[in-house]
Number of protein chains: 2
Amino acid sequence: MSRADQTQTAVLGALSVLPMTGYALREEIRAVLGHFWSESFGQIYPALAELERQQLIERRGADGSRSSVFAITPAGTARLRELLSAPVQPVRPRNGLLLRLFFGRQLGPEACRTLIKDARAQAEAQLADLAAARAESQEGGEHPQDSGYWMLTISAGEHAARAAIAWADESLAALSTVEQQAPPSAGSLPESHPDTPHPPAKEHP
Amino acid sequence: MSRADQTQTAVLGALSVLPMTGYALREEIRAVLGHFWSESFGQIYPALAELERQQLIERRGADGSRSSVFAITPAGTARLRELLSAPVQPVRPRNGLLLRLFFGRQLGPEACRTLIKDARAQAEAQLADLAAARAESQEGGEHPQDSGYWMLTISAGEHAARAAIAWADESLAALSTVEQQAPPSAGSLPESHPDTPHPPAKEHP
DNA sequence: AATATCATGTAACATGTTACATGATTGG
DNA sequence: CCAATCATGTAACATGTTACATGATATT
């Protein structure tokens, strides 16, 4: 699957659940797929235009005039299955948090701790979001056929978030053992004695 | 931090550990930061040129002539700390595996199971890689000052990989309970045509 | 009547990847 | 000498984001 097709996959997939407008599409993608997927405005409309040109979706004047609801066609459903069957596009990782921690000596332990605490808080928030999504999906039950699959994605997010929290706690503990190490001397200064504002930390045994 | 600066951060960071050529830089980034970061060739050289122009790094004719080793300057170290202190760039998620599973009904349980098994295998492989990296970092010990921080990134990868494995096992079990559900009718059949926004459900008997 | 939201789009920009071109050095 | 690898770069392409322009519809 070429990369461009990924947007088409998401759009076709969403329309396979329910016909909607481009605007609603973006809202739904943000709200429902947001945990693991994102599309920007500038991609959705071109994708819709292209899909319509290929007759994989069709536009229906919803009731009177303006707002056009897009619905998937049989050919579109076939194409969706084809796209979903294509190998998963490997993602090039770019984790800004870990990049900063890797060069953590330049930042010093205090700043690193802050970064980790922030990440932990984010994971907690994520967990709360997912709990809400899980409840909604299980109760509302408008799409019982899909909800089993949707649960898989929610569960994936929960596992990842819990792992992040566990890692953060472990890391905060580990960081206290390097606390006494000062960051290396500033670029323009010769090495001065370590004058970190941190009180002496406990050595690890 | 603008996005472009992220490459500069990685390059400056790597050179802060050890001066090296652009080629070696790419190899090191791939080998050492590979678990959480990536840079493509086409970005490294322009970044090096720009950093040299700003005198944040300097080029040294290594021994005789050709291969130029880049070394960070004091100003470069200062800039690195500035970059590392900037807020982490939020990443827009794009998880192709979860996208496929979310629309799993179109694929059917068997294909989904395969996807999950593949993901599990990948996580296992990742875990093995990280174990090797951990061993190397702990024994080799060429950079004792940094190794504590490096361990944090390895640990993050391990937590994530273990979470992925646990999720996969759980999901494979869950999927067996939806096993009997057939994927919805093929694209050419009338049920999936938009005339009926919700294709009739084939409930399990 | 004024404001907020829905709705569709485009253009400019930013970012990132791939393939290619070029040549030096090294090891067999 | 030949092949592999090291080394530096560029250009074309692919992808993705942001800001803007426009106007309808609904709400207050």
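Numbers restart at 1 for each chain; the letters A, B, ... are given by sequence-line order, proteins then strands. All figures in this text were calculated on a predicted structure; none of them were measured in a lab. The basis for the numbers below is simple: all heavy atoms, side chains too, and nothing from hydrogens, waters or symmetry mates.
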Quickly work out the Gln6(A) CD to dG16(D) C1' distance and round it to whole Å.
13 Å

Any donor-acceptor N/O pair, Ser38(B) side chain to Gly34(B) backbone, under 3.5 Å:
no

Give the rounded distance in Å between these two atoms: CE of Met20(A) and C1' of dC6(C).
15 Å

Between Ile57(A) (CD1) and dT8(C) (P), how many Å, whole number?
11 Å

As a test of understanding, state which of Trp150(A), Tyr149(A), Trp37(A) forms a ring pair (Phe, Tyr, Trp, His ring centres under 6.0 Å) with Phe102(B).
Trp150(A)

If only side-chain N and O atoms of Arg92(B) are considered, is one of them under 4.0 Å from the OP1 or OP2 phosphate oxygen of dT18(D)?
yes

Let me know the distance between CZ of Arg94(A) and P of dT17(D), rounded to the nearest Å.
14 Å

DNA chain C-proximal residues of residues 21-45 of chain A, any heavy atom under 4.0 Å
Thr21(A), Gly22(A), Tyr23(A), Phe41(A), Tyr45(A)

List the residues meeting salt bridge (charged side-chain N to carboxylate O under 4.0 Å, His left out) with Asp118(B), not counting sequence neighbours, and say none if there are none.
none

Rounded off to whole Å, could you give me the CG-to-P distance for the Asp5(B) and dA14(C) pair?
12 Å

How would you list all residue pairs meeting side-chain hydrogen bond (donor to acceptor under 3.5 Å, both in side chains) that involve residues 17-28 of chain A, not counting sequence neighbours?
Glu27(A)-Arg30(A)

Of the candidate nucleotides dT8(C), dG16(C), dT18(C), which contains the atom at the shortest distance from the side chain of Ser68(A)?
dT8(C)

Give a yes-or-no answer on whether the side chains of Gln126(A) and Gln122(A) include a donor-acceptor pair shorter than 3.5 Å.
no

Under a 3.5 Å threshold, yes or no: a donor from one side chain and an acceptor from the other, between Thr73(B) and Glu58(B)?
no

